[in-house]
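First the structure, in the form of C-alpha cells, and then the observations on it.
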Amino acid sequence: MIILYTGNGKGKTTAALGQMYRAIGQGMRVCIIQFIKGKWKTGEMLASQSFSNNLTFKTMGEGFTWNSKDINKDIEAARFAWETAKDSINSSKYDMVILDELTYLIKYKIITNEEVIEFLKNRPNNIHIIITGRDASNELIEVSDLVTEMKEIKHPYKSGIEAIKGIEY
Ligand code: ATP
Ligand code: MG
C-alpha cells in the first residue's frame, strides 16, 4: 500500500504514527523519516526509544526549517534525506516506511515530482509506504492506494494559541 495523508487540517503526521503503532503491534519493522526538523523535541521522537526493536527513527533535513540562513545547505540536507529514504525502502529491512512531510520537498522543488513518482512506481514488493504533507500533487494522489485529506474545521492556532506539548509536538 501507498498511503497518503494530505490537506490543511491537523492529523496527517499523527495518523501516520497511528499506523506505525498498529504495525509495530503486529511485529512489523517500521522506519520513519522526518524530512522537516522542527525546533522541538517531538513526543514521537522521544517515544521511539521505547520501540527500538521494531522502530528506526530518522530525523533528517538538519537545517531545513522555514527560517533558514543557508538555503544551499538546506537543499543538500533535504536531498540527502531523500536518498536515505530511497535506501531505506530498498533495504528490505522494513515492512513499513513513513515519509513524513515529503510533499514539501516537491513543493519547494528540491526533488522533482517525476523523480518521486518514478521511484514509487518501481518500489519493492511487500512494503507499505506512508507519505504525509500538505499540497500533494495530482500524480502523487494517483500513484497512492489510499488518500485521506485532513480538512480544517477549527484549529486553536487561529485564535492565537501556540503549539501545545503533547498535542502538536
Ligand atoms: P500533526 O503532526 O499534529 O498530525 P499535521 O502533520 O497534520 O499535524 P503539519 O501540516 O505537518 O500538520 O503541520 C505541523 C504543525 O502545524 C503541527 O504541529 C500541527 O498541529 C500544526 N497545524 C496543523 N494544522 C494546522 C492549521 N490548520 N493551522 C495551524 N497549525 C496547524
Ligand atoms: Mg505533519
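Every number for a ligand or one of its atoms is a count from 1 in the order of the listing.
Under the 4.0 Å distance rule, the nearest protein heavy atom to atom 25 (C) of ligand 1 falls inside the cut-off. Within the 4.0 angstrom cut-off, atom 29 (C) of ligand 1 has one or more protein heavy-atom neighbours.
Side-chain contact between N90 and F119 is present, with at least one heavy-atom pair separated by less than 4.5 Å. E115 is listed as a side-chain neighbour of K86, based on a closest heavy-atom distance under 4.5 Å. The closest side-chain heavy-atom distance from I33 to S88 is below 4.5 Å. L55 has its side chain within reach of I24: a pair of non-hydrogen atoms, C-beta onward, lies under 4.5 Å apart.
Near Y104, meaning under 4.0 Å from one of its heavy atoms, ligand 1 places the atoms 10 (O). For ligand 1, the atoms sitting less than 4.0 Å from at least one non-hydrogen atom of G9 are 7 (O), 24 (N), numbered in the order shown with element in parentheses. Counting the atoms of ligand 1 from 1 in the order shown, those under 4.0 Å from a heavy atom of N8 are 24 (N), 25 (C), 26 (C), 27 (N). Remark: ligand 1 atoms within the under-4.0 Å shell around heavy atoms of E101 are 11 (O). Short contacts between ligand 1 and E152, defined as distances under 4.0 Å to a heavy atom of the residue, involve ligand atoms 26 (C), 27 (N), 28 (N). If you number the atoms of ligand 1 from 1 as listed, the ones under 4.0 Å from a heavy atom of Y157 come out as 29 (C).
Aromatic ring pairs are classed by plane angle as parallel below 30°, tilted from 30° to 60° and perpendicular above 60°; the pair Y104 and Y108 is parallel.
For CD of E76, the number of neighbouring non-hydrogen atoms (other residues, nucleotides, ligands) closer than 6.0 Å is 12 at most. For CG of D145, the number of neighbouring non-hydrogen atoms (other residues, nucleotides, ligands) closer than 6.0 Å is greater than 12.
No side-chain donor from either of E152 and N8 sits under 3.5 Å from a side-chain acceptor of the other. Checking T6 against K12 by side-chain atom types alone, no donor-acceptor pair falls below 3.5 Å. Donor-acceptor pairing under 3.5 Å is lacking for the side chains of T103 and D135.
The Mg ion (ligand 2) has an N, O or S atom of E101 under 2.8 Å away, backbone or side chain. Checking T14 against the Mg ion (ligand 2), every N/O/S atom stays at or beyond the 2.8 Å cut-off.
Proximity annotation for atom 8 (O) of ligand 1: of G43, A16, G11, G11 comes nearest, heavy atoms only.
For M150, the closest heavy-atom approach to ligand 1 does not fall below 4.0 Å. Not a single heavy atom of T132 sits less than 4.0 Å from an atom of ligand 1. Residue A163 places every heavy atom at 4.0 Å or more from ligand 1.
Checked by distance only, ligand 1 and K158 stay at 3.5 Å or farther apart across all their nitrogen or oxygen atoms. Considering both main-chain and side-chain atoms, K10 comes within under 3.5 Å of ligand 1 through a nitrogen or oxygen pair.
Of all protein heavy atoms, the one lying nearest to atom 2 (O) of ligand 1 is T13 CB, 3.2 Å. Residue, atom and distance of the protein heavy atom nearest to atom 4 (O) of ligand 1 are T14 OG1, 2.7 Å. Scanning the protein for heavy atoms near atom 12 (O) of ligand 1, the closest one is K12 NZ, 3.5 Å. Of all protein heavy atoms, the one closest to atom 21 (C) of ligand 1 is H155 NE2, 4.0 Å.
With a 4.0 Å cut-off on non-hydrogen atoms, E168 touches ligand 1 through its backbone as well as its side chain. Only the side chain of R134 comes within 4.0 Å of ligand 1, judged by heavy-atom distances.
Placement of I130 and V143 in two distinct hydrophobic clusters is found when ILVMFWY residues are connected by side-chain heavy-atom separations under 4.5 Å, directly or transitively.
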**Report entry** From CA spacing to verdict: ring-ring contact (aromatic ring centres under 6.0 Å, His included), F35, W82
**Finding:** CA-CA 8 Å; F35 287 93; W82 170 237; 7.1 Å; no
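Shortest non-hydrogen contact noted between I141 and V147 is O-CG2, 3.8 Å.
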